[in-house]
Amino acid sequence: MEDLFLPRKSHRFLRFLLWSALVIVVLEVGLRPFGYGHYVLYRPDQRMLWLPLPIHGVTEAGHKSITISPDGFRYKVKLEPKKDGQVRIFDFGDSVTMGWGVDDDSTFSADLERKLNSSCPKHQFQVVNAGVNAYPNSLVIERMKAVIDENFQPDIAVFDYSGNTAMEGLVDKQGADREKFLSRVRWKGLVRRSAIYNFFIEDLLRYVVYYRLKHLLVAGSLDTAQAKQEADVEKFNARLADGYRYCQEHHVKMVLLVTGTNGERSLEHPFQQAMLDFGQKNNLPVVNMVDIWKTMDQSQIFQDHGHPSPLGHETIARELFSTISEMGSYCSQTPQVNLSQKAAAKAVGN
């Protein structure tokens, strides 16, 4: 008797598969006009672990326009060899620098480029956004060195503090551990092409599922309290000194940018203070946004806990413009100042 029912059960299962496939196709196609399936993808990289792939897409938050150039930067054009009179500035950091939830024209890099080119006609400025989502400070410094190695010809390197401090050890992974991590980056790059994955996992269930998966992928990446306790300031300083030495050897000027989070009225992480101390010790320009933002309406400055709004980006650009316009002879109408005095003045504020 059981054999008589096998065809009927098989037909039911086949119908279930067909209907499931139809629903998946309809969802995948139907979600794409709303931006899903057009997020930035990342490729595994032996040196940098993950790097963005070229795209004209949308940001995960807010679905704002985002352009990743063929060079892998958030910049609208491919970089060519520098011309006479051109000044090239690179901004290095994590999702704050890359511009989480803001469009191409609203990142502080884009704002800064406009301000410099409108106010300093003596030179033509390119301000290139080299931020990468989720990078810890160790990888931010490594990317700064890679940009120099790859002959992108930076004149100024802006190093923006990253809050992903629990992930500093990623850069030290070797052998099988490194390959395992790279395979995870490769796997995520595949599933992230799906509009359904973008919608359900990275949008609707972002705080319930996605960040928990990320936590499993990189242990400790969400535990900021533990990250603060385990902060290795000595190693951070060594990496910062290595990055600065690398800049000096290649005649690149370095600027330190200390950003913070919504509600942060004073420096809360040892690495932030270490950046101020390092800047003062080495006579480097330091822009302390935590001190600048503390008197402002932070509900207008931030769009969430840690990412600046367009207004927040504009205030960063304004402070960087003030600092960079006083370096060298970039803006002839601006009087020269002693950079060590400038660094000290910017660093004070807690």
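These figures come from a predicted structure and were not determined experimentally.
The existence of a salt bridge linking E179 and R184 is excluded, since no basic side-chain nitrogen approaches an acidic carboxylate oxygen closer than 4.0 Å. Taking 4.0 Å as the cut-off between side-chain N and carboxylate O, D104 and R74 count as a salt-bridged pair. Between R245 and D242 there is a salt bridge, since at least one side-chain N of the basic residue sits less than 4.0 Å from a carboxylate O of the acidic one. Between R88 and D155 there is no salt bridge, since no side-chain N of the basic residue sits under 4.0 Å from a carboxylate O of the acidic one.
Around atom CD of E234, no more than 12 heavy atoms belonging to other residues, nucleotides or ligands sit under 6.0 Å away. Surrounding NZ of K115 are more than 12 heavy atoms belonging to other residues, nucleotides or ligands, all under 6.0 Å away.
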Query - Steps toward ring pair (Phe, Tyr, Trp, His ring centres under 6.0 Å) verdict (F90, F73) - result: CA-CA 10 Å; F90 276 82; F73 306 123; 5.3 Å; yes
Requested in this report: Could you walk me through whether V58 and S65 pass the side chain to side chain contact (heavy atoms under 4.5 Å, CB included) test, one step at a time?
Outcome: CA-CA 5 Å; V58 298; S65 63; 5.9 Å; no
Requested in this report: Before giving the answer on side-chain hydrogen bond (donor to acceptor under 3.5 Å, both in side chains), spell out for T97 and D91 the whole-Å C-alpha distance, their side-chain angles and the decisive distance to 0.1 Å.
Outcome: CA-CA 7 Å; T97 303; D91 294 326; over 6 Å; no
Query raised in the report: Checking ring pair (Phe, Tyr, Trp, His ring centres under 6.0 Å) for the pair Y39/H63: CA distance, chi angles, key distance, verdict?
Result: CA-CA 9 Å; Y39 291 173; H63 287 191; 5.5 Å; yes
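Side-chain N or O atoms of R43 include none that pairs as donor or acceptor with a backbone N or O of L53 at under 3.5 Å. Between the side chain of H250 and the backbone N or O of Y246, at least one donor-acceptor pair lies under 3.5 Å. One N or O on the side chain of S118 and one on the backbone of R114 form a donor-acceptor pair closer than 3.5 Å.
Under the rule for a salt bridge (charged side-chain N to carboxylate O under 4.0 Å, His left out), the partners of D172 that lie at least two apart in sequence or sit in another chain are K235, R239. Taking H56 as the reference, nothing meets the ring pair (Phe, Tyr, Trp, His ring centres under 6.0 Å) condition, with sequence neighbours excluded. In this view, F199 and Y36 satisfy the ring pair (Phe, Tyr, Trp, His ring centres under 6.0 Å) rule, not counting sequence neighbours. For Y75, the side chain to side chain donor-acceptor pair (under 3.5 Å) partners at least two apart in sequence or on another chain are E113. Legend: residues meeting side chain to side chain donor-acceptor pair (under 3.5 Å) with R143, ordered by chain and number and at least two apart, are absent.
The salt bridge (charged side-chain N to carboxylate O under 4.0 Å, His left out) analysis of residues 273-287, with sequence neighbours excluded, yields no pairs.
Put simply, V128 and V147 are part of the same group of oily side chains (I, L, V, M, F, W, Y) that touch within less than 4.5 Å, one to the next. In terms of hydrophobic clustering, with Ile, Leu, Val, Met, Phe, Trp and Tyr side chains grouped at heavy-atom distances under 4.5 Å, V252 and L240 are assigned to different clusters. Linking Ile, Leu, Val, Met, Phe, Trp and Tyr whenever their side-chain heavy atoms come within less than 4.5 Å puts M167 and L182 in one cluster. Under the 4.5 Å side-chain contact rule for hydrophobic residues, V140 and F181 share a cluster.
Checked against M289 for a side-chain contact (heavy atoms from CB on, under 4.5 Å), the options V258, I316, D160 give a single hit: I316. Tested against V287, the residues L320, V158, L256 include a single side-chain contact (heavy atoms from CB on, under 4.5 Å) partner, L320. Of the listed residues (Q298, Q272, H305), just one forms a side-chain hydrogen bond (donor to acceptor under 3.5 Å, both in side chains) with E264, and that residue is Q272.
Residues Y161 and D94 bring no donor and acceptor atom of their side chains to less than 3.5 Å of each other. At a cut-off of 3.5 Å, with distance as the only test, a side-chain donor of T315 or W293 sits close to an acceptor on the other residue. For the residue pair Q300 / S309, no side-chain donor-acceptor distance below 3.5 Å is found, with atom types taken as modelled.
Between F125 and I89, the closest side-chain pair of non-hydrogen atoms falls below 4.5 Å. Residues D232 and E168 are not in side-chain contact: their nearest non-hydrogen atoms beyond the backbone lie 4.5 Å or more apart. With contacts defined as side-chain heavy-atom distances shorter than 4.5 Å, the pair P81/Q153 qualifies.
With rounding to the nearest 0.5 angstrom, the NZ atom of K76 is 12.5 Å from the CD1 atom of I68.
Between F159 and F92, the distance from one ring center to the other does not fall under 6.0 angstrom.
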